[in-house]
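Worth saying up front: this structure is predicted, and the values here are computed from it rather than measured. Just follow the structure's listing: the first ligand is 1, and inside any ligand the first atom is 1.
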Amino acid sequence: MNQPFLTLAQIDEVASSIRSRTNQQPRVGLILGSGLGGLADSVQNPDIIPYSDLPYWPISTVFGHAGRLVIGTLENQPILVMQGRVHFYEGISMSQVTLPVRVMQRLGIEILMVTNAAGAIHPDYVPGDLMLITDHLNFVGMAGFNPLIGPNMEEFGQRFPDMSQAYDRALNELARKAAKENNIHLQEGVYVGLSGPSFETPADLRFLRMAGADAVGMSTVPEVTIARHGNTRVLGISGISNKANLDGNTLTTHEEVLEAGKMITPKLEKIISSVLRSL
Ligand code: HPA
């Protein structure tokens with residue numbers, strides 16, 4: 001698609017297309033990151049929509065992202081699950097990357113739960129850990145690729161949205177409670193979003209650590225920025241898939257990211273299910 005900014009009419013066209021394929025009215029949106037798509041299999045009474053059936057919908061070219069919407073219920077909560085997402089590094093505009101969140105907002109979704117696979121920068125994190133995202137560093141935005149650049153869509157929110165509480169404190173509290181109940185150790189920290197697709201050099205990682213980052217990934221931040229612009233509440237959880245390579249002695253691969261997803265998915269499912277039950 002050549003157009004850098006999607007219009008409200010285009011966003012509404014996508015929302016109508018989804019409405020014509022399901023009678024369910026989701027309240028929660030859940031974005032599943034690399035290797036974490038298995039969570040969608042637990043959705044009850046699913047209406048499944050392949051991304052390729054939807055106009056303008058960005059389709060991931062990355063292995064490990066299924067590419068479909070699953071709309072149904074999880075723990076009796078009406079939910080729309082994105083099994084797979086696109087990334088800025090795939091060569092599309094920020095407006096396209098974040099189209100799904102805009103569509104969720106037009107569908108009336110109130111809460112966005114966003115997950116991702118991330119590399120550990122914090123020295124105590126190990127692969128398989130979960131990290132509650134309490135804040136993020138928007139490096140891609142700082143470099144000039146904030147998804148809100150362009151005409152402001154007043155229908156969603158104001159020109160200069162506040163980001164001081166991007167990750168909802170009440171939802172964070174529910175996630176902490178859910179982790180405790182399920183005996184899952186939940187780390188908490190700051191996620192830094194980079195563009196990728198190359199992994200970081202050891203010097204990049206030492207810099208990110210000094211800047212206050214605990215985990216690093218290539219997604220989430222644009223989606224959360226758009227969610228907050230439209231006043232959607234956000235819960236963010238990273239699945240730690242690998243130790244980031246601060247010393248330069250280990251290699252990072254996409255295969256290890258997907259492999260760690262198998263360890264992370266059952267824990268993530270327990271936390272998300274508990275949070276959904278307590279909403
Ligand atoms: N760096 C960036 N993105 C990632 C990583 C990483 O180490 N692991 C999973 N996504």
Problem set entry | Aromatic plane relationship, H136 with Y167 - under 30° parallel, 30 to 60° tilted, over 60° perpendicular | perpendicular
Problem set entry | L194 contact mode with ligand 1 (heavy-atom cut-off under 4.0 Å) | neither
Problem set entry | Distance-only donor-acceptor check, side chains E13 and Y56, under 3.5 Å | yes
For ligand 1, which atoms have a heavy atom of [X] less than 4.0 angstrom away?
{"X": "A117", "answer": "9 (C), 10 (N)"}
{"X": "M218", "answer": "2 (C), 3 (N)"}
{"X": "E200", "answer": "1 (N), 2 (C), 6 (C), 7 (O)"}
{"X": "S241", "answer": "8 (N), 9 (C)"}
{"X": "N242", "answer": "5 (C), 6 (C), 7 (O), 8 (N), 9 (C)"}

Among all protein non-hydrogen atoms, which one is nearest to [atom], and what is the separation to 0.1 Å?
{"atom": "atom 3 (N) of ligand 1", "result": "G217 CA, 3.4 Å"}
{"atom": "atom 5 (C) of ligand 1", "result": "G119 N, 3.4 Å"}
{"atom": "atom 4 (C) of ligand 1", "result": "V216 O, 3.6 Å"}

Problem set entry | With sequence neighbours excluded, residues passing side-chain hydrogen bond (donor to acceptor under 3.5 Å, both in side chains) with T201 | D204
For this session: Can you tell me which residue pairs pass the salt bridge (Lys or Arg N to Asp or Glu O under 4.0 Å) test with a partner in residues 93-122, sequence neighbours excluded?
Result: D12-R106, R27-E110
For this session: Let me see the working for E188 and R176 under salt bridge (Lys or Arg N to Asp or Glu O under 4.0 Å), right down to the final yes or no.
Result: CA-CA 9 Å; E188 295 194 17; R176 290 183 189 106; 2.5 Å; yes
For this session: Scan I271, I237, L235 and name whichever one has a side chain to side chain contact (heavy atoms under 4.5 Å, CB included) with M113.
Result: L235
For this session: Report the C-alpha separation of R85 and E223 in whole Å, then their side-chain angles, then the decisive distance to 0.1 Å, and conclude whether the salt bridge (Lys or Arg N to Asp or Glu O under 4.0 Å) test is met.
Result: CA-CA 10 Å; R85 64 142 72 82; E223 293 138 327; 2.8 Å; yes
Exercise. Is A244 near ligand 1, meaning one of its heavy atoms is under 4.0 Å from it?
Worked result: no
